[in-house]
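Please read these numbers as outputs of a predicted model, since none were measured by experiment. Just so you know, ligand 1 is whichever comes first in the structure, and atom 1 is the first atom listed for that ligand.
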Amino acid sequence: MLSVENLGMQFGGLKALSEVTMKVERGEFLGIIGPNGAGKTTFFHAVSGIYLPTSGKVRIDGAEFQGKSADAFCKAGVARTFQTPRVFSDMTVHDNVRFAFTFGNRGGDASLIDEVIDEVHIGSLRQELAGELPPARQRQLEIAMALATAPRLLLLDEVAAGLTEGEVDEVARLILRLRDQYQLTVVWIEHAVRTLMRTVDRVAVLHFGQLLADGAPAEVTADPKVISAYLGDEVTQ
Ligand SMILES: Nc1ncnc2c1ncn2[C@@H]1O[C@H](COP(=O)(O)OP(=O)(O)OP(=O)(O)O)[C@@H](O)[C@H]1O
């Protein structure tokens, strides 16, 4: 579904991503972890048309996409959320989702607007202004906006940030349900490592812009390189 080859993103002298090569297979659920500043969000920007990578290839279903616009990625079935939710504050929840709907691949069936709002459990907030929602609800709204575009690949950037462990587990269950219901391929960046490890099929670890490890959660958790660079005692306690 998505593959990157020798992906690089440089800001002046800083290599935010360096020679990253990996694949996400159709239907797979990949987690991405790594310390602050490791390049996780930059990776999402590079595979959703926000940043033009300074080197390497980005492929969607085998076709080269580096340098294409965010709209082209969206039309190819890539949807994402942002670490700081990008919602239209002065518009209602419903109107935000309706706006997202016009960019995607759903054709004319606007009844799906209400469906996705209900799916992410914000049906009771339909007429609320997005700017008045707490951050966790804005993240749910962003997921609804992403779903409104009829994605095949959903990129989630810290959608569980700031939540308690129980709430993070709830978000994980929601993502799994949405994945099944909409037959999504999912990539989830999250610092809540324990929940992530229980949820995903595979984990990639970024460290200083490089891919430090990529494998099944149990393998990655036991990898000495990953433990010393990032995990410490976090998931072994
Ligand atoms: N537009 C930019 N201009 C300059 N530097 C940038 C830009 N975007 C990201 N960076 C730098 O690239 C590096 C990687 O940032 P990125 O946001 O991708 O990290 P991250 O792994 O998502 O971190 P966090 O977990 O804190 O969100 C950081 O050093 C950051 O300061």
Side-chain angles (χ1 to χ4, degrees), residues 2-24 29-58 65-70 73 78-87 134-136 138-140 142-143 146 153-165 167-168 171-172 175 186-197 199-200 202-215 217 220-221 223 225-235:
L2 168 70
S3 68
V4 298
E5 191 185 324
N6 297 324
L7 188 67
M9 185 76 223
Q10 192 148 351
F11 300 106
L14 175 83
K15 285 186 176 173
L17 290 174
S18 181
E19 303 278 311
V20 174
T21 295
M22 72 173 161
K23 278 187 180 164
V24 188
F29 193 162
L30 173 73
I32 300 183
I33 60 172
N36 291 326
K40 304 179 297 297
T41 295
T42 302
F43 175 77
F44 270 9
H45 287 345
V47 299
S48 59
I50 307 291
Y51 284 163
L52 169 64
T54 37
S55 57
K57 308 270 189 218
V58 175
F65 264 71
Q66 68 280 356
K68 295 205 179 183
S69 66
F73 276 88
V78 179
R80 64 169 294 180
T81 68
F82 289 85
Q83 201 171 359
T84 307
R86 295 192 182 178
V87 297
Q138 289 189 355
R139 292 201 193 94
Q140 283 164 279
E142 262 204 326
I143 297 174
L153 172 62
L154 181 61
L155 308 174
L156 301 170
D157 196 349
E158 295 194 32
V159 283
L163 302 181
T164 65
E165 195 166 343
E167 290 168 333
V168 177
V171 171
I175 299 168
V186 181
V187 184
W188 185 15
I189 294 173
E190 198 58 73
H191 284 287
V193 174
R194 265 183 285 214
T195 301
L196 195 87
M197 292 293 188
T199 308
V200 301
R202 212 180 96 218
V203 186
V205 185
L206 284 175
H207 187 55
F208 288 117
Q210 292 181 317
L211 190 61
L212 185 69
D214 180 359
V220 169
T221 309
D223 185 330
K225 288 194 305 292
V226 178
I227 293 170
S228 84
Y230 180 54
L231 293 180
D233 293 334
E234 201 167 346
V235 294

Structural part of Phe208 in contact with ligand 1, heavy atom criterion under 4.0 angstrom: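 Neither; no heavy atom under 4.0 Å.
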Ligand 1 N/O within reach of Phe11 N/O, cut-off under 3.5 Å: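 N/O-N/O distance under 3.5 Å: no.
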Atom indices of ligand 1, in the order listed, that fall short of 4.0 Å to a heavy atom of [X]:
| X | answer |
| --- | --- |
| Tyr51 | 1 (N), 2 (C), 7 (C), 8 (N) |
| Ala16 | 12 (O), 13 (C) |
| Glu158 | 25 (O), 27 (O) |
| Thr42 | 9 (C), 14 (C), 15 (O), 16 (P), 18 (O) |
| Leu14 | 11 (C), 12 (O), 13 (C), 29 (O) |
| Ala38 | 19 (O), 20 (P), 21 (O) |

Given Val47, Asp157, Val187, the one that forms side-chain contact (heavy atoms from CB on, under 4.5 Å) with Arg80: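 The residue from Val47, Asp157, Val187 that satisfies side-chain contact (heavy atoms from CB on, under 4.5 Å) with Arg80 turns out to be Asp157.
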Atom 17 (O) of ligand 1: the protein heavy-atom neighbour that sits closest, reported with distance to 0.1 Å: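 Heavy-atom neighbour on the protein nearest atom 17 (O) of ligand 1: Thr41 CB, 3.8 Å.
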Protein heavy-atom partner closest to atom 25 (O) of ligand 1 - residue, atom, separation in Å: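 The closest one turns out to be Lys40 NZ, 2.7 Å.
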Contact between [X] and ligand 1, counting heavy atoms under 4.0 Å?
| X | answer |
| --- | --- |
| Gly34 | no |
| Phe43 | no |
| His191 | yes |
| Pro35 | yes |
| His45 | no |

Parallel, tilted or perpendicular: ring planes of Phe11 versus Tyr51, cut at 30 and 60 degrees: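 The arrangement is perpendicular - the two ring planes meet at more than 60°.
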Verify atom 23 (O) of ligand 1: protein non-hydrogen atom under 4.0 angstrom away: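 Under the 4.0 Å cut-off, atom 23 (O) of ligand 1 does have protein heavy-atom neighbours.
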